[in-house]
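What follows is a set of notes on a single structure, which appears directly below.
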Amino acid sequence: DAILDGEYHAITDESGMDWVDGYPIERMRAMSVSHNFGTVISWMNLISIKDPAKKALAWRGYVDYTRLFDSWAGGGAYLRIPEPVLDWGINEEKTVYVPFWRNPYVSCQDKDILISLWKLPDRVLLMVFNYNREKTKDAVLKIDLERLNLIGQLPWQEFIGVRDLVKDQKEPPTRLDYHERTLTVPALLPHTGRVIGLRKY
């Protein structure tokens with residue numbers, strides 16, 4: 001079985017809404033998560049923007065937002081799983097998807113910051129998304145390294161690798177404070193996200 005959706009409203013240079021506005025969290029939760037129903041969702045869009053900067057931001061928001069709900073396919077080349085994400089193991093048999101609305105491992109005091117994750121025994125993949133449509137955010141996440149099995153056997157073993165798997169090259173890198181158990185994701189543009197990998201070495 002499959003579901004195809006996404007052509008709800010046309011987005012042009014004159015539009016006051018982007019793709020995320022047309023698909024609020026409640027609608028996406030109800031119908032789009034393959035984890036709930038075992039059905040692969042392929043999203044489409046009607047993004048017809050001529051302004052290059054506005055078009056790039058709208059496309060990125062569309063792609064990042066659908067990934068937050070574990071939808072990685074559809075929409076042509078834009079929604080293919082990136083190679084770094086495949087290499088990290090998102091398709092491995094032991095991978096467990098944890099959606100942002102019931103994520104006990106990573107949290108943020110800013111309610112505009114949504115965090116879904118994919119968990120493996122020795123690593124985790126995060127999709128961090130800024131749901132605010134106007135403000136760029138510096139997201140400071142509280143991460144439970146113990147529950148994610150990302151703590152070394154001995155106190156001096158602090159070998160956790162952090163890697164921005166999908167982000168714009170102009171954006172500053174994600175930073176982990178191991179002792180404070182915080183992950184800082186700077187300069188998240190409105191309605192965009194970032195894919196981050198953490199693993200124990």
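These numbers come from a predicted model, not from an experiment.
- The existence of a salt bridge linking Asp122 and Lys200 is excluded, since no basic side-chain nitrogen approaches an acidic carboxylate oxygen closer than 4.0 Å.
- Remark: side-chain polar atoms of Thr192 are not paired, donor with acceptor, to backbone N or O of Leu188 under 3.5 angstrom.
- To the nearest 0.5 Å, atoms CZ (Arg163) and CD1 (Ile196) are separated by 12.5 Å.
- Side chain of Arg181 to main chain of Tyr178: a donor-acceptor pair is present (N/O by atom type, distance under 3.5 Å, no hydrogens or angles).
- Residues that satisfy the side-chain hydrogen bond (donor to acceptor under 3.5 Å, both in side chains) test with Asp112, not counting sequence neighbours, are Asn132, Lys137.
- Applying the side-chain hydrogen bond (donor to acceptor under 3.5 Å, both in side chains) rule to Thr12 yields the partners Glu14, Ser15; only residues at least two apart in sequence or on another chain are considered.
- In this view, Arg175 satisfies the side-chain hydrogen bond (donor to acceptor under 3.5 Å, both in side chains) rule with no residue, not counting sequence neighbours.
- Looking at heavy atoms from C-beta onward, Tyr131 lies in side-chain contact with Pro24 at the 4.5 angstrom threshold.
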| Glu180 and Lys142: salt bridge (Lys or Arg N to Asp or Glu O under 4.0 Å), yes or no, with the steps? | CA-CA 8 Å; Glu180 294 295 327; Lys142 195 70 177 175; 5.0 Å; no
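- Side-chain contact between His191 and Trp19 is absent, with no heavy-atom pair separated by less than 4.5 Å.
- Contact of the Leu126 side chain with the Val195 side chain is not registered, since no non-hydrogen atoms from C-beta on lie closer than 4.5 Å.
- A salt bridge links Arg194 to Asp164: at least one charged side-chain nitrogen sits closer than 4.0 Å to a carboxylate oxygen.
- Phe129 and Tyr65 have their aromatic ring centers within a separation under 6.0 angstrom.
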